[in-house]
Asker: 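I'd like to ask some things about the structure below.
Everything numeric in this text was worked out from a predicted model, so none of it was measured. Throughout, protein chains are lettered first and strands after them, A, B, ... in sequence-line order, and every chain is numbered starting at 1.
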Protein chains: 2
Amino acid sequence: MSYSREAMVELLRKHGISPTHQRLEIAHVLFSRCEHLSADRILALTNERFAETSKATVYNTLNLFRDRGLIREVIVDPKRVFYDPNTQPHHHLYNVDTGEITDIAADALEISGMPALPPGMVTEGVDVIVRIRAL
Amino acid sequence: MSYSREAMVELLRKHGISPTHQRLEIAHVLFSRCEHLSADRILALTNERFAETSKATVYNTLNLFRDRGLIREVIVDPKRVFYDPNTQPHHHLYNVDTGEITDIAADALEISGMPALPPGMVTEGVDVIVRIRAL
DNA sequence: GGCTTGAGTTAGACAAAGTCCAATCTTTAG
DNA sequence: CTAAAGATTGGACTTTGTCTAACTCAAGCC
């Protein structure tokens, strides 16, 4: 997969999002690295080189991307949300000492015995978080 | 299990915690109901009847109880932490519309294929969160 | 070209959850 | 009983995230 400007424009358009300059910058930050970034860090990285993108725009854009299914929120730390550019089903290893988040492939973990849901309810997702720390 | 003052005193002592008035109030709020409460709600419930317990004390106490293994944090909502008086391994059903949290018994769910951890690391816990919503 | 329209961006004010601090009060060990 | 250690407190503070009203900018239309 390429992270060129054209590829990013294409990606946003495909999800019905107008590709503005700021959104492209943020998309680039998210997709060019396979990390789990906080909003704070995304703001810093977006403004690192040159352009000015405001805090409000970063939050607006992250929420927009999340709503349109481009990215996923990872909720492991009560202090901040992390954003995951990988929306395929998968799980997370969370180092509680360092805050580091690592992926666990969905097909590596097998979960059986899911409870029946109340009628009229659907599963939106199953998050597995394995919390680890140094011995 | 009883939730009398004596039982609560005993419980705290067993975990090396001096049973002060405020801590007993908070323990009672937590253990006399089997719910997942936020700090906010615990503060309100603790002060409902009569006594005054400050916000600082509620947070201090919840962190203390968590550190000593009396309660567990449930991190499903980026806005606030919930506290679970049940520290036995089990999982959670989270209704993203209403914020309601329900337990899933640990033995109901079978998880296989846990990845090998890096050397010197131990698993602190495995949290499974099933996010559900109305159709 | 000028004008309107609507979407996008922005600074800064605001909100909510949680922490910190220094003064004060309670427990507990002796 | 008393002193030291531990617990509690109000209020200031921090951090993450949201809101608002003004401003920018490009597109379509006459």
Asker: Any N or O donor-acceptor pair linking the side chain of B:Lys55 to the base of D:dG10 at under 3.5 Å?
Answerer: no
Asker: Without decimals, in angstroms, what is the distance between A:His21 NE2 and D:dC25 P?
Answerer: 12 Å
Asker: Quick check on D:dG17: is either OP1 or OP2 less than 4.0 Å from any side-chain nitrogen or oxygen of A:Asn63?
Answerer: no
Asker: Both A:Thr61 and B:Val81 contact DNA chain C. Taking the nearest nucleotide for each, which residue is further toward the 5' end?
Answerer: A:Thr61
Asker: What integer distance in Å separates A:Phe82:CZ from D:dG17:C1'?
Answerer: 15 Å
Asker: What is the nucleic acid contact for B:Ser38, judged by heavy atoms within less than 4.0 Å: base, sugar-phosphate only, or nothing?
Answerer: nothing
Asker: Please check the phosphate of D:dG6 (OP1 and OP2 only) for any side-chain N or O of B:Asn60 closer than 4.0 Å.
Answerer: no
Asker: Counting N and O atoms only, with roles assigned by atom type, does the side chain of A:Asp103 sit under 3.5 Å from a partner on the main chain of A:Ala105, one being a donor and the other an acceptor?
Answerer: no
Asker: Heavy atoms only, 4.0 Å cut-off, all strands: where does B:Asp77 land among base, sugar-phosphate and nothing?
Answerer: nothing
Asker: How many whole angstroms separate atom CG of A:Leu43 from atom P of C:dT10?
Answerer: 10 Å
Asker: Parallel, tilted or perpendicular: which fits the ring planes of A:His36 and A:His90, with parallel below 30° and perpendicular above 60°?
Answerer: tilted
Asker: Which residue lies toward the 5' end of DNA chain D, A:Ala56 or B:Glu52, if each is placed at its nearest nucleotide?
Answerer: B:Glu52
Asker: By the 4.0 Å heavy-atom rule, please label A:Thr20 as base, sugar-phosphate, or nothing.
Answerer: sugar-phosphate
Asker: May I ask you to test the A:Met8-A:Pro19 pair for a side-chain heavy-atom distance under 4.5 Å?
Answerer: no
Asker: To the nearest angstrom, how far is B:Lys79 atom NZ from C:dA17 atom P?
Answerer: 9 Å
Asker: Could you tell me whether the phosphate oxygens of D:dA7, OP1 or OP2, come under 4.0 Å of any side-chain nitrogen or oxygen in B:Arg23?
Answerer: yes
Asker: Considering only NZ, NE, NH1 and NH2 on the basic side and carboxylate oxygens on the acidic side, decide whether B:Arg131 and A:Asp127 come within less than 4.0 Å.
Answerer: yes
Asker: Contact class for B:Arg13 vs. all strands (heavy atom < 4.0 Å): base, sugar-phosphate, or nothing?
Answerer: sugar-phosphate
Asker: Test A:Ile26 against every option in A:Leu43, A:Thr20, A:Thr53 by the side-chain contact (heavy atoms from CB on, under 4.5 Å) rule and name the one that passes.
Answerer: A:Thr53
Asker: Closer than 4.0 Å, any side-chain N/O of A:Gln22 to the OP1 or OP2 of C:dT10?
Answerer: yes
Asker: Would you please confirm or rule out a distance under 4.0 Å between OP1 or OP2 of C:dT9 and any side-chain N or O of A:Thr57?
Answerer: no
Asker: In whole angstroms, how far is the P atom of C:dG8 from the CG atom of A:Leu12?
Answerer: 11 Å
Asker: Distance check needed: D:dA5 C1' versus B:Ile17 CD1, whole Å only.
Answerer: 17 Å
Asker: What is the separation between atom CD on B:Glu25 and atom P on C:dT26, rounded to the nearest whole Å?
Answerer: 16 Å
Asker: Between A:Tyr59 and D:dG17, is there a side-chain N or O to OP1/OP2 distance below 4.0 Å?
Answerer: yes
Asker: Taking CD1 from A:Ile26 and P from C:dT10, how many angstroms apart are they, rounded to a whole number?
Answerer: 9 Å
Asker: Specify the closest pair of heavy atoms between B:Ala27 and B:Leu12, including all atoms of both residues, with the distance to one decimal.
Answerer: CB-CD2, 4.4 Å
